[in-house]
Amino acid sequence: MPDSLSMIVSQCCRSKPISRAKKKHGRLALLTFSTWLSVQSAWAAEATHYRHTPQASKDAQQVLALIKTKSTSAVLHHKDVEAHETESMVVHAGIASATGVTNTTPGGGLMPPQIVAKSRSGITRDFIAKQSPTANPVSMIANLPGVVYSGNDPLGTNDDQQGLSVRGLDQTEIGYLYEGIPAAAPVYLLPYTSSTADNENIQSITLTQGSPDIISPLYNAVGGELTESLRDPSHKFGGLANFSYGSFSLKREFVRLDTGDIGNTGIRGFLSFSARTADEWRGVGQTRRYHVDGKFVKEWGEGNKASFVLSYNDPLQYYLRAPTKSAWEKYGVNYNYADKYTKGSSDYYKLQENLHRTLILGAPVNLNLGHGLSLNTTPYFSYATGYDNGGTTLSRTGSYYGNQRAGVLQNTGASSGNSFSAISIDKYNLYYSGINTNLTWTKGSNALAIGYWYSYFDQSEPSLYEALGPDGQVSSMYGQWAITTQAGSPLSQYNIHLIQQTNSLFINDTYKALNDRLTLTAGFKETMITRTLTQNIPGTNYKNGQSEAAPQPQISMSYKITQNDQIYINGTTSFRMPASIMSYADRYSVSSGAQTRSHTVNPKSEYAIGEEIGYRHTGLVSVALALFNYNFTNRQISTTTYASGTPVTESINGGGQTARGAQVELGLRPWHHFSPYVSAQYLHATTDNNLQVGNDYIRSAGKVAVKSPKVTFAVGLSYDNGSLFGAFNMNYVSKQYSTFMNDQSIPSFETFNLNFGYRFQNYLYLKHPQIQINLMNVGNNGFLSGVSGLSMNANPTKGVRGTTIAGSSPTYFVGGGFAGVLSLTSGF
């Protein structure tokens, strides 16, 4: 049984009863309500981390032997040796709801107990189910320590334009796992978290700050690891329906059907479908999203489980214009693309349409081979297709194809004059598949694991152009009627094909001593990546690539001072390759033929060495403290640039960086139905060296690192008595720099969210129907929430070698204004 579970159960057995009724053959002991909550919350947390191991089944049987989740009480018996009496203890269960809320996790679902020897936080159904159904996983973890969420709309629907950082490291440096599947597309590494699961199907989300697990199939988790887990299908036939309406013409429908146990096959599953439409919160344009989730499970014997997981996502949305500081000060939230087309203009909002259609398939299998051996394997396949578009202006006779003149452009439609408006299309197709396998041998107090991960990734990405109709209409967003050169070739800035193969081997050993109080873990991982890229544009380097082999040792130690108190220390290493295929490709201006981007030969990968020391206390009030230190070489920082009006992700080498700080987290188990929560972090991150700009260097050494606010904190308070519920959450983020010279920044900001609702009694076929209202960004009318496009320096500055280095303006995400969502939910 996991340590925290055995600790809680032992506490149950030692707890003083509320009352004792002496009988002839025994005594009846009633456990306190808070003790029951401890058991429930600990089990929920441990299930997240142990359910993919053979030990999980054994643990579950031990706990479920004590806890009867279907009833309002569980009875524990033990024999009094001297009196030969039997003592019974009644444990009262958590609340019942259609949405999976049990009101058992400390902090209102924001602080499930943890036992690993590293900083780890999470959220459970107690928190997830009470958020807006439109919120994506990145927005929902904003309260956790070290997290900075840079939202771009209040509903959380636009996850193509949002920012996330943990301890100052951005989202491309945070590994993202969905049911054990690496869900962020390789190379670009943007999480696109709405591609995975609808909120109603997410059981838990876990964030490991700064220390990736050695068995995880990731190569970018320098900033930590974000793990999302689906709910398991119910053993009984039934389902859930949700209907939501709200600000910006929001309409959303969701329905899920559980098959229950299918005959005697041991198989059960669920399928769900959702549809959502909403207007963009600023500017114009309507977004829509269709989504399908599914999971089927078969369990047999002791510790054997096979699953099949699928998620399909089909979203359509429009880019919102990212302002510079001066544009924001002048126009505020009104700075956006035009809602009407003007002949000759390229800033029409319909030219900013984007699509990211994805399919994710996975089949995790956990086998108990006996004799202490267990095998865990996860094969997976993902496919994504879509486009990123933007408006531009072309010259009919003066355009360039690479470094060559294009001649008279063809397929330019009915446009008159030499200069005309067009749409720039970035079309892509990518698929990636792989398998992650590990074999664990447990003997006595020692557990030895070895594993292998292989992944294959293929991406093709050509840029195209298409002429606009007289009213700004586009015939095909995929460039079906693309503009061609006089020689008949499609006019293009880049035409890239990239293949990446990843091989990773690891070994990890865990030893327990001193009656399992002391846990020692040491591991080593070697990750080998090969990238091969071709670029089929005149004048460009045709073939480029990179091969990298990175050693990643880890070591950790934890010690249980008491059954409720733990200290730990760890040392980790991690690395990340550049998160953009554009780093390997040349680009030429279509208007002038000048080279605007030169390919990088063997770009250096980011490598990090980190240390942590922490303390945890679990009880009525749970506390988690951690001190951390990181040293980076070749710090890779993602930024957004524009190619003919189309946003593309680039990677900047930020040189060396040092980051150190402290984080704290406190949560109270439900007490008189209230559950408060507090988290905070202090971060001191600096750039270690001067960075090169052209033939000179800016004086960036010692400056505060970009996107690294010194102080962040969150406060939450939830209430849930089984019928009436509500919660308040506040986040604060201090000033963030957007340039390496620290000559421009965004001010601190606060966000306030509220939710409240009521659960009704069962009625006919409706199980626990409820009404819920979510209010987001209360009191906000828009604010700068994060950095979209970085800059070396905003103002002209004198370089180390005496030259004047021109400044360029960073661009920013605009945090959403106020929004409200009304949801009606019921099981059936």
Side-chain angles (χ1 to χ4, degrees), residues 1-14 39 42-43 45-66 78 113-118 120 180 208 211-216 299-305 364-378 436-452 505-526 552-572 614 616 618:
M1 186 184 299
D3 293 339
S4 62
L5 290 182
S6 59
M7 176 186 71
I8 296 298
V9 172
S10 65
Q11 284 181 325
C12 292
C13 298
R14 294 198 311 268
V39 177
W43 169 241
E46 295 305 329
T48 300
H49 303 300
Y50 288 90
R51 66 190 183 125
H52 293 305
T53 68
Q55 183 67 22
S57 178
K58 182 178 179 182
D59 296 338
Q61 292 173 13
Q62 292 180 46
V63 176
L64 292 178
L66 304 178
H78 74 84
Q114 310 292 345
I115 61 171
V116 293
K118 58 183 68 177
R120 176 170 284 173
T208 305
S211 305
D213 288 341
I214 202 166
I215 66 172
S216 298
E299 296 173 298
W300 70 99
E302 182 179 348
N304 299 298
K305 181 178 181 180
V365 177
N366 313 116
L367 299 175
N368 183 356
L369 305 179
H371 306 289
L373 291 172
S374 62
L375 178 69
N376 304 311
T377 183
T378 302
N436 185 39
T437 301
N438 65 81
L439 179 69
T440 301
W441 179 46
T442 302
K443 182 72 171 177
S445 299
N446 197 76
L448 177 67
I450 57 173
Y452 171 64
L505 296 164
F506 78 85
I507 183 170
N508 193 68
D509 190 72
T510 299
Y511 177 75
K512 292 191 175 183
L514 304 178
N515 295 322
D516 291 346
R517 284 179 175 270
L518 178 66
T519 301
L520 303 172
T521 301
F524 181 83
K525 185 176 185 178
E526 180 82 7
Q552 300 159 80
Q554 293 189 11
I555 188 169
S556 67
M557 178 187 73
S558 67
Y559 182 76
K560 290 194 297 184
I561 304 170
T562 70
Q563 291 295 325
N564 299 75
D565 299 272
Q566 176 195 27
I567 58 172
Y568 64 85
I569 187 170
N570 70 64
T572 61
R616 293 190 184 99
T618 303

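Quick note: residue numbers are just sequence positions, from 1. Nothing here was measured: the structure is a model prediction, and the numbers come from that model.
Within the 3.5 Å criterion, the main-chain N or O of S211 finds no donor-acceptor partner in the side chain of T208. The closest donor-acceptor contact from the side chain of Q554 to the backbone of K525 lies at 3.5 Å or more, if one exists at all. A donor-acceptor distance shorter than 3.5 angstrom exists from the side chain of R517 to the backbone of K560, with no hydrogens or angles considered.
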| request: Begin with the C-alpha distance, continue with both residues' side-chain angles, and end with the deciding distance and a verdict on side chain to side chain contact (heavy atoms under 4.5 Å, CB included) for R616 and V116. | output: CA-CA 10 Å; R616 293 190 184 99; V116 293; 4.1 Å; yes
| request: For the pair L439 and L369, evaluate side chain to side chain contact (heavy atoms under 4.5 Å, CB included) and give the outcome as yes or no after the intermediate values. | output: CA-CA 10 Å; L439 179 69; L369 305 179; 4.0 Å; yes
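Residues I507 and L448 meet the side-chain proximity criterion, which asks for heavy atoms closer than 4.5 Å. Contact check for F506 versus Q552: no side-chain heavy atoms found under the 4.5 Å cut-off. Taking 4.5 Å as the limit, every side-chain heavy atom of N508 sits out of range of all side-chain heavy atoms of N438.
Between A447 and T440, the shortest heavy-atom contact is CB-CG2, 4.5 Å. Minimum heavy-atom separation, L505 to Y452: CD2-CD1, 3.4 Å. In this structure, Q566 and Q114 approach most closely via the heavy-atom pair OE1-O, 4.1 Å. Contact detail for A117 and M557: the closest heavy-atom pair is CB-O, 4.0 Å. Taking all atoms of both residues into account, the shortest heavy-atom contact from G180 to T378 is O-CG2, 4.1 Å.
The existence of a salt bridge linking K118 and D213 is confirmed by a sub-4.0 Å separation between a basic side-chain nitrogen and an acidic carboxylate oxygen.
Note that CD1 of I215 is 7.5 Å distant from CG of N436, once rounded to the nearest 0.5 Å. In this structure, CG on L514 lies 10.0 Å from OG on S445, to the nearest 0.5 angstrom. Atom OG1 of residue T510 and atom CG of residue N446 lie 7.5 Å apart, to the nearest 0.5 angstrom. Here OG1 of T618 is found 8.0 Å from CG of D565. Values are rounded to the nearest 0.5 Å. Summarising the geometry, atom OG1 belonging to T519 is positioned 8.0 Å from atom CD1 belonging to I115; distances are rounded to the nearest 0.5 Å. Distance check, rounded to the nearest 0.5 Å: CD1 of I555 to CG of L520 gives 8.0 Å.
Defined by atom type and a distance below 3.5 Å, a donor-acceptor pair is missing between the side-chain atoms of N304 and N368.
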